[in-house]
Visitor: 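One structure is given below, represented as structure tokens, and several questions about it will come after.
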Amino acid sequence: MGNTKSNNKNKLENSEKKPVSSLWSRSSTQHHRFTAFLGGPRNTAVWIFLIVFILYVLYSTNIFTVDRREECSTIFDSSTEEHLQTLANVSSTTTTTTNNNNNNFLLFDDEEEEEEEEQEQEEEDQTITDPLRLKSRPNDAGLKHIVFGIAGSSNLWAKRKEYIKLWWRPKQTRGVVWLDKKVYTRRNEGLPDIRISSSTSRFKYTNRQGQRSALRISRVVSETFRLGLKDVRWFVMGDDDTVFIVENVVRVLSKYDHRQFYYIGSSSESHVQNIYFSYAMAYGGGGFAISYPLAKELEKMQDKCIQRYPGLYGSDDRIQACMAELGVPLTREPGFHQYDVYGDLLGLLGAHPVTPLLSLHHLDVVEPIFPGMTRVKSLQRLFQASKLDSSSIMQQSICYDKKRYWSISVSWGYVVQILRGVMSPRELEMPTRTFLNWYRRADYTAYAFNTRPVTKHPCQKPFVFYMGSTRYDPAKKQIIGVYVREKSRHPSCRWKMPSPDKLHSIIVVKKPDPYRWQKSPRRDCCRVLPSRKATTYYLSVGNCRGAEISEVG
């Protein structure tokens, strides 16, 4: 019994100890495995990588960062605050801060830094406000603010001076004619002062096709500037065979700020000329304008500038070369006409672009603009109309006689053309090639603008009526122009429509429009008026009425 109890007791103790030892041994086994896992060098590197990766993920998700945006959103230094205030004044907008406690500004302790910041701020303020100030000031340029520099030749002076008399206004226009040597003059001849250009012998000229006189002519603006004339805003350059419409020159230059650098002119009608010289060059024969500040800088550097270009051909390209060094581009005004063409200007002047007529050039080369007259007499007739409405001279208008199926083109103050049939405005505003290119071997592709051929169809030849006289009717406040038919035979036409052949004259009525170029450019409209005589035709020319169009049919 005792042994049995003792055996049972031992079994019970063993059964109680057995699970304890098994648990301990299992946990100790896992501990040994964990220790072995951490103990290897490879496992240590893996754990380090995992820890760094977890920290990077937590940092990128801003778990460890503190949001302090409310502490730094409105803290500016003094210069930044002044700059923001300046921008607020310029843009005319007001901004209010949401929290008054956030208006805390840091001040600089260093006085030198404050002075530098204030100086920089003044420069910024001036940069911002100056353009606004310039735009707000009206440009009241007048004829008295313009000085003409005219390049002439003593050999041609007796003939060319007649062109200058046409547009020069004694005691109104200001300017000087620059010649190569003295010429005979008379008193009260109605011409500008004549001066002799200074010597250009010290300048090199190596172009074999040109003439050294190009050096003298290129310095006309600089020499005119050195005269020290007062109250000058613009210098206008031209040749002695250039005719200016001075009222339109004033109108065009009034668009620009004379206190800025401006080089204003136009290119040649010849594409070949523009390629040979430059499309960026203003042709001096057609005339160009230079603002006073630019003329001042040109005078300082021109003598050194032209020394660098001895191989250039003329005076125009030397001026443009100096403008390129000054960084001033050409501002285009197509009303300056070089007219590098030969022959009849009817095609060009009968379809003048919608821009003020500023000048005519090469008048000795082209035919008289009114047939059967001398060149000077024909220009005198043109100026009769220009005195009544200079802003509208040569401006084209287009209309249609739907009953007779006629297309009508009016170049006010110059010519009226009537064509049988219907021709679109797109074609009528395109110059007809009544002229020849400056390079006679060149064809119609050598022009710098679109042209259309002279029609060969006998029924499409235009009936041309040149201006004969103009007068102003003060009672009706309108200009009455009489256009007389050109004396030329027309071939017979078999078209079954009325022919303008019976017309002897056309009466064109128009109201003066001196402020037309202060509005957006638009071609005038003409209207057919009733007529009692079979030999007289009546037209009215003026601003288009709202949505009025030149309707084909």
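We're numbering straight along the sequence, starting at 1. Predicted model, so just to flag it, every value in this text is computed and none were measured.
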Visitor: Can you pull the disulfide bond (SG atoms under 2.5 Å apart) pairs that have at least one residue in residues 396-489, sequence neighbours excluded?
Guide: Cys399-Cys526, Cys459-Cys493
Visitor: Could you verify whether a donor N or O on one side chain and an acceptor N or O on the other, from Arg216 and Ser197, lie under 3.5 Å apart?
Guide: yes
Visitor: Distance only, no hydrogens: is a donor on one side chain within 3.5 Å (strictly under) of an acceptor on the other, for Arg160 and Ser153?
Guide: no
Visitor: Heavy-atom count check: over 12 atoms from other residues, nucleotides or ligands less than 6.0 Å from Glu297 CD?
Guide: yes
Visitor: Within a 6.0 Å radius of atom CZ on Phe383, are there more than 12 heavy atoms belonging to other residues, nucleotides or ligands?
Guide: yes
Visitor: Minimum heavy-atom separation for Ile150 to Val220, with atom names?
Guide: N-CG1, 4.3 Å
Visitor: Does the side chain of Glu427 pick up a donor-acceptor pair with the side chain of Ser424 at under 3.5 Å?
Guide: yes
Visitor: Assess the side chains of Asp241 and His362: does a donor N or O sit below 3.5 Å from an acceptor N or O?
Guide: no
Visitor: Do you see a donor-acceptor pair shorter than 3.5 Å between the side chains of Ser291 and Gln260?
Guide: no
Visitor: Run the salt-bridge test on Glu189 and Lys161 with the 4.0 Å N-O cut-off and return the result as yes or no.
Guide: yes
Visitor: Once the angle between the rings of Phe148 and Trp168 is folded into 0 to 90°, is it parallel (under 30°), tilted (30 to 60°) or perpendicular (over 60°)?
Guide: perpendicular
Visitor: With respect to Asn543, which candidate in Arg523, Arg522, Lys519, Lys511 satisfies the side-chain contact (heavy atoms from CB on, under 4.5 Å) definition?
Guide: Lys519
Visitor: Can you tell me how the ring of His457 sits relative to the ring of Trp495, calling it parallel under 30°, perpendicular over 60° and tilted otherwise?
Guide: tilted
Visitor: Over 60° means perpendicular and under 30° means parallel, so classify the ring planes of Tyr466 and Tyr414, tilted if in between.
Guide: perpendicular
Visitor: I'd like to know whether the aromatic ring centres of Tyr537 and Trp406 sit less than 6.0 Å apart in this structure.
Guide: yes
Visitor: For Tyr163 and Asp364, which I'm curious about, is there any donor-acceptor pair between the side chains at under 3.5 Å?
Guide: yes
Visitor: How far does OG1 of Thr331 sit from OH of Tyr256, to the nearest 0.5 angstrom?
Guide: 6.0 Å
Visitor: For Gln395 and Thr355, indicate whether the former's side chain and the latter's backbone hold a donor-acceptor pair under 3.5 Å.
Guide: yes
Visitor: Ring-plane angle category for Phe288 and Tyr263, please: parallel below 30°, perpendicular beyond 60°, tilted otherwise.
Guide: perpendicular
Visitor: Check each of Ile506, Val464, Val541 against Val416 using the side-chain contact (heavy atoms from CB on, under 4.5 Å) test, and report the only one that passes.
Guide: Ile506
Visitor: For the residue pair Thr455 and Gln460, confirm or rule out a side-chain donor-acceptor distance under 3.5 Å.
Guide: yes
Visitor: Do other residues, nucleotides or ligands put more than 12 heavy atoms under 6.0 Å from the NZ atom of Lys533?
Guide: no
Visitor: Is the ring pair Phe449/Phe435 parallel, tilted or perpendicular, if the boundaries are 30 and 60 degrees?
Guide: tilted
Visitor: Mark yes or no for whether Arg219, through its side chain, and Leu215, through its backbone, hold a donor-acceptor pair below 3.5 Å.
Guide: no
Visitor: Is Tyr313 atom OH crowded by more than 12 heavy atoms from other residues, nucleotides or ligands, each under 6.0 Å away?
Guide: no
Visitor: Determine whether the side chains of Trp178 and Thr224 contain a donor N or O and an acceptor N or O closer than 3.5 Å.
Guide: yes
Visitor: Heavy-atom distance under 4.5 Å between the side chains of Tyr472 and Gln478, does that happen here?
Guide: no
Visitor: Between Tyr283 and Asp340, is any side-chain donor less than 3.5 angstrom from a side-chain acceptor?
Guide: no
Visitor: Between Gln211 and Tyr205, is any side-chain donor less than 3.5 angstrom from a side-chain acceptor?
Guide: no
